[in-house]
**Q** 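Before anything else, here's the structure in question.
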Amino acid sequence: MEPLTSYFAVSAILLGIGIYGLATRRSAIRILFAVELVYNAANLNIIAFSRLRDPPMITGQVLVLFSIALAAMEAAVGLAIIILAFRINAEIDLRKLTRLKG
């Protein structure tokens with residue numbers, strides 16, 4: 001079995017890029033992409049840990065499939081909110097969106 005350090009290194013890089021994107025970006029679409037990177041880092045870790053056992057557990061892959069479906073639903077809802085905010089304010093800068101507070 002190959003060492004899992006390469007999986008963990010790629011996952012850590014994805015997580016770092018995602019957290020950096022969440023911390024520094026103002027555009028809602030870029031923040032949505034950053035959240036997706038964090039989801040992908042978590043999914044890669046789940047797959048790596050499921051391969052750790054001998055024989056590899058299939059439950060890790062099933063859990064990742066559910067996580068990918070959840071991330072797709074989150075992206076669809078987030079994009080719908082961003083489109084609505086753009087129609088109302090004609091921009092998607094998150095610091096300037098105050099009309100959605102209700």
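Throughout, residue positions are numbered sequentially from 1 according to the sequence presented. Keep in mind it's a predicted model, so treat the numbers as computed, not measured.
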**Q** Looking at every heavy atom in both Ala71 and Glu36, which two are closest together, and how far apart are they?
**A** O-OE2, 3.3 Å

**Q** Can you name the closest pair of heavy atoms from Ile31 and Leu22 and give their distance?
**A** CG2-CD2, 3.7 Å

**Q** Tell me, please, which residues at least two apart from Phe33 pass ring pair (Phe, Tyr, Trp, His ring centres under 6.0 Å).
**A**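 Ring pair (Phe, Tyr, Trp, His ring centres under 6.0 Å) check on Phe33 returns nothing, list empty.
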
**Q** What residue among Ile83, Val77, Ile81 forms side-chain contact (heavy atoms from CB on, under 4.5 Å) with Leu79?
**A**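 Only match with Leu79 under side-chain contact (heavy atoms from CB on, under 4.5 Å): Ile83.
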
**Q** Could you measure the distance from the CG atom of Leu65 to the CG atom of Leu70? Nearest 0.5 Å is fine.
**A**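 Between atom CG of Leu65 and atom CG of Leu70 there are 12.5 Å.
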
**Q** For Ser50 versus Gly60, what's the shortest heavy-atom pair and its separation?
**A**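 Reported closest heavy-atom pair: CB-CA, 3.7 Å.
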
**Q** Among residues at least two apart in sequence or on other chains, which ones pass side-chain contact (heavy atoms from CB on, under 4.5 Å) with Ala42?
**A**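 Residues passing side-chain contact (heavy atoms from CB on, under 4.5 Å) with Ala42: none at all.
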
**Q** Quick one: list whatever passes side-chain hydrogen bond (donor to acceptor under 3.5 Å, both in side chains) with Ser67, sequence neighbours left out.
**A** Asn43

**Q** Any side-chain heavy atom of Phe49 within less than 4.5 Å of one from Tyr7?
**A** no

**Q** To check you understand the geometry: which heavy-atom pair defines the closest contact between Gly18 and Ala34, and what is its length?
**A**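 Reported closest heavy-atom pair: O-CB, 3.4 Å.
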
**Q** Who are the side-chain hydrogen bond (donor to acceptor under 3.5 Å, both in side chains) partners of Ser11, not counting sequence neighbours?
**A** Asn45

**Q** Under the side-chain contact (heavy atoms from CB on, under 4.5 Å) test, which residues partner Thr59, sequence neighbours left out?
**A** Met57

**Q** Which heavy atom of Leu14 sits nearest a heavy atom of Ala41, and at what distance?
**A**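 Minimum heavy-atom separation between Leu14 and Ala41: CB-CB, 3.9 Å.
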
**Q** Give the other cluster members for Ile68, using side-chain heavy-atom distances under 4.5 Å between Ile, Leu, Val, Met, Phe, Trp and Tyr residues; answer none if it is isolated.
**A** Ile46, Ile47, Leu63, Val64

